[in-house]
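This report concerns only the one structure given below.
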Amino acid sequence: MPGTEYVDSVQTVLGEVGGLPFLVELASRGPAASMIGRTLAMVTELGADLQPTGWRLSGRGSLDQRRARSLLEHDLDVMEELAGGAEVLKVQLAGPCTLAASVELPRGGKALADSGARRDLTQALTAGTAHHVASVRRRLPNARLVVQLDEPALPAVLSGAVPTASGLHRYRALAAAEVASSIDEVLTAVGDAGVQTVVHCCAADVPFEVLQQTAVNSLSLDATILPTTRHDDAAAWVDAGRGLWLGVVPAVEPPEPLTDANVTRAVVELWARLDHTDIEHLPHTAVTPTCGLAGASTPWARKALELCARVAKNLSEDNGRMNA
C-alpha cells in the first residue's frame with residue numbers, strides 16, 4: 001500500500017477488501033519496511049544489514065534488521081487491535097528465489113550465485129515463515145491464514161536473466177528442480193497447519209510448469225499481460241485443482257476511467273478463453289490488483305481495492321462459489 005500511515009492503511013484494507021484482508025506493507029517507510037526488509041525481519045537465523053546497494057547478509061544482526069523487526073511487531077500489534085475478529089488474513093513475504101536474487105553475500109555478489117548461501121537462506125526462510133505464522137495465530141486465533149510468497153524474480157532466476165552489479169553479466173540459471181524444491185520447503189513449513197498457500201508472480205512468463213511441481217494451492221498473477229500462448233498452461237493449472245488468483249485491476253490509476261462492469265466482463269472473457277464458459281460455475285478465484293499498490297496514489301489504492309471487491313461480488317451473483 002502507498003503512504004506511511006499504518007493505521008489508516010489497515011482501516012482502508014479492512015473497509016474495502018471484503019473477504020481477504022491482508023497484513024499491510026508500507027514500503028514508503030524505508031528499506032526496513034520493504035518486501036525484502038520485512039522478510040529479513042522474519043528470518044531470525046541469519047543476520048543482515050543495509051548497504052548502499054541494498055540488503056547484505058552478515059555474521060550477526062544489525063540496527064537495520066532490528067528496525068525491520070520493530071516495524072513488523074508494530075504492524076502486527078495494529079492488525080491485532082483493528083482486525084482481532086477477522087475470519088481470514090493474508091500475510092506475504094519474499095519467496096526463496098526472489099530473496100536470493102535480492103540479498104548480497106558478505107563478500108559481494110548476490111546470494112543467488114552461491115549454492116550454500118541459497119540453501120541457508122531457504123532453511124532460514126522456512127523457519128522464519130513458521131515462526132511468523134505462529135505469531136500471527138497467537139494474535140488472531142480465529143483467523144484462517146493465507147501465506148503468499150512473492151516471487152517477481154522467479155522467471156529471471158529460471159532463465160539466467162538476473163544481472164550482476166556491473167550489468168555486464170548474468171547469474172547462472174537455477175534448475176527447475178531446485179527452484180521447486182526451495183519453494184516447497186518454505187510452504188510445507190506451514191501447509192500442515194491448515195494454511196492456504198499462494199505464490200504471486202506478476203511477470204508475463206509465469207513458470208506454470210515449475211510451480212506445478214510444488215504443493216502450492218494457488219497462483220496469483222497479472223492476468224492483463226498473460227500471453228495467449230500460456231492460456232493452455234493456465235487452464236491445465238485450474239484443471240489440476242489449483243486456484244488461480246486473477247490480477248485484473250491496475251496497480252496504478254489508468255488514464256481512462258475503469259468500472260466494475262468492465263473488469264467483470266474482462267474476467268468472464270478470460271475464463272471463457274480458459275474453457276470455462278458457464279458463468280454460474282466458474283472456478284474458485286480471487287480478484288486482485290495486478291501487483292502491489294505501493295506505487296499508486298492513496299485514492300487509487302482505495303479505489304482499486306473497492307473495484308476488486310465489487311467485481312468479486314458481481315461474479316458471485318452468478319456463481320455462489322466465487323470467493324471475494
Side-chain angles (χ1 to χ4, degrees), residues 13 17 19-25 35-46 48 68-69 71-73 75-77 79-80 83-84 86-100 102-103 118-154 157 177-201 207 210-221 237 240-245 284-286 288 292 323:
V13 166
V17 169
L20 190 60
F22 51 88
L23 183 64
V24 176
E25 293 178 6
M35 175 178 67
I36 299 302
R38 167 143 298 185
T39 302
L40 290 173
M42 302 176 193
V43 176
T44 58
E45 296 184 2
L46 290 176
R69 288 171 181 158
L71 281 172
L72 176 58
E73 286 298 311
D75 296 353
L76 287 170
D77 287 344
M79 185 60 72
E80 180 182 7
E87 296 180 358
V88 62
L89 180 72
K90 180 173 75 70
V91 298
Q92 53 283 326
L93 61 157
C97 295
T98 294
L99 192 61
S102 304
V103 176
R118 295 197 304 271
R119 184 170 56 253
D120 290 345
L121 266 179
T122 298
Q123 291 175 350
L125 182 60
T126 300
T129 302
H131 181 270
H132 181 58
V133 166
S135 176
V136 174
R137 269 229 168 92
R138 285 193 299 271
R139 294 169 180 270
L140 288 86
N142 298 320
R144 177 170 53 87
L145 297 185
V146 179
V147 173
Q148 174 178 303
L149 294 185
D150 286 318
E151 284 284 17
L154 187 55
V157 167
E178 179 184 342
V179 168
S181 176
S182 64
I183 291 174
D184 247 359
E185 183 175 338
V186 176
L187 293 180
T188 52
V190 296
D192 291 341
V195 173
Q196 183 181 358
T197 57
V198 184
V199 168
H200 172 70
C201 182
V210 175
L211 293 173
Q212 284 278 20
Q213 301 174 39
T214 72
V216 63
N217 300 133
S218 299
L219 171 61
S220 171
L221 48 71
W237 176 270
R242 314 272 191 127
L244 198 62
W245 290 17
H284 290 275
T285 191
T288 77
N323 289 332

query: Can you name the nearest heavy-atom pair linking Ala127 to Glu45, along with the distance?
result: CB-OE2, 3.4 Å
- prompt: Any side-chain heavy atom of Met42 sitting closer than 4.5 Å to one from Thr129?
  reply: no
- prompt: Taking it one step at a time, do Ile36 and Val103 satisfy side-chain contact (heavy atoms from CB on, under 4.5 Å)?
  reply: CA-CA 8 Å; Ile36 299 302; Val103 176; 4.0 Å; yes
task: Check salt bridge (charged side-chain N to carboxylate O under 4.0 Å, His left out) between Arg118 and all other residues, then give those that pass, not counting sequence neighbours.
output: Glu178
query: If we only count heavy atoms from C-beta on, is the Leu221 to Cys201 side-chain gap below 4.5 Å?
result: no
- line: side chain to side chain contact (heavy atoms under 4.5 Å, CB included) filter on Asn217, not counting sequence neighbours, yields Gln196, Thr197
field: Where Val199 and Val216 come nearest, the two heavy atoms and their spacing
entry: N-CG2, 3.6 Å
- line: Heavy-atom closest pair (Gln213 atom, Ala180 atom, distance to 0.1 Å) is CB-CB, 3.9 Å
query: Does Leu93 reach the side chain of Leu125, with side-chain heavy atoms less than 4.5 Å apart?
result: yes
- prompt: Can you name the residues that form a side chain to side chain donor-acceptor pair (under 3.5 Å) with Ser220, not counting sequence neighbours?
  reply: His200
- request: Report yes or no: does Arg144 contribute a side-chain atom to a donor-acceptor pair with the main-chain N or O of Ala86 at less than 3.5 Å?
  value: no
message: Please enumerate all residues that pass salt bridge (charged side-chain N to carboxylate O under 4.0 Å, His left out) together with Asp184, with sequence neighbours excluded.
response: none
message: Once rounded to the nearest 0.5 Å, what's the spacing between atom CD1 of Ile183 and atom CG of Leu154?
response: 5.0 Å
statement: For His132, the side chain to side chain donor-acceptor pair (under 3.5 Å) test, sequence neighbours excluded, returns none
- line: Nearest heavy-atom approach of Val24 to Met79 is N-CE, 4.2 Å
- prompt: Looking only at heavy atoms, what is the nearest atom pair of Trp237 and Ser218, with distance?
  reply: CZ2-C, 4.1 Å
Residues forming a side chain to side chain contact (heavy atoms under 4.5 Å, CB included) with Glu87, sequence neighbours excluded: none
- prompt: Can you name the side chain to side chain contact (heavy atoms under 4.5 Å, CB included) partners of Ala189, sequence neighbours left out?
  reply: Thr126, Ala130
Sequence-distant partners of Arg139, salt bridge (charged side-chain N to carboxylate O under 4.0 Å, His left out), two or more places apart: Glu73, Asp77, Glu80
field: Set of residues satisfying salt bridge (charged side-chain N to carboxylate O under 4.0 Å, His left out) with respect to Glu185, sequence neighbours excluded
entry: none
Using residues 146-153 as the side-chain source, report each donor-acceptor pair under 3.5 Å to any protein atom, sequence neighbours left out, with the distance given to one decimal.
unit_1 : atom_1 : unit_2 : atom_2 : d
Gln148 : OE1    : Lys90  : NZ     : 3.2
Gln148 : NE2    : Asp150 : OD1    : 2.7
Glu151 : OE1    : Thr98  : N      : 2.8
Glu151 : OE1    : Thr98  : OG1    : 2.7
Glu151 : OE2    : Cys97  : N      : 3.1

query: Say you draw a straight line from OG of Ser182 to CG of Leu99; how long is it, rounded to the nearest 0.5 Å?
result: 10.5 Å
message: To the nearest 0.5 Å, what is the distance between CE on Met35 and CG on Leu40?
response: 10.5 Å
task: Taking the side chain as every heavy atom from C-beta outward, state whether Val195 and Arg137 have any pair of such atoms under 4.5 Å apart.
output: yes
- request: Not counting sequence neighbours, which residues clear side chain to side chain contact (heavy atoms under 4.5 Å, CB included) with Ala240? List them please.
  value: Gln212, Arg242
Heavy-atom closest contact (Leu23 atom, Asp75 atom, distance): CD1-O, 4.2 Å
task: Please assess Phe22 against Thr288 for the test side-chain contact (heavy atoms from CB on, under 4.5 Å), listing each intermediate value before the final yes or no.
output: CA-CA 12 Å; Phe22 51 88; Thr288 77; over 6 Å; no
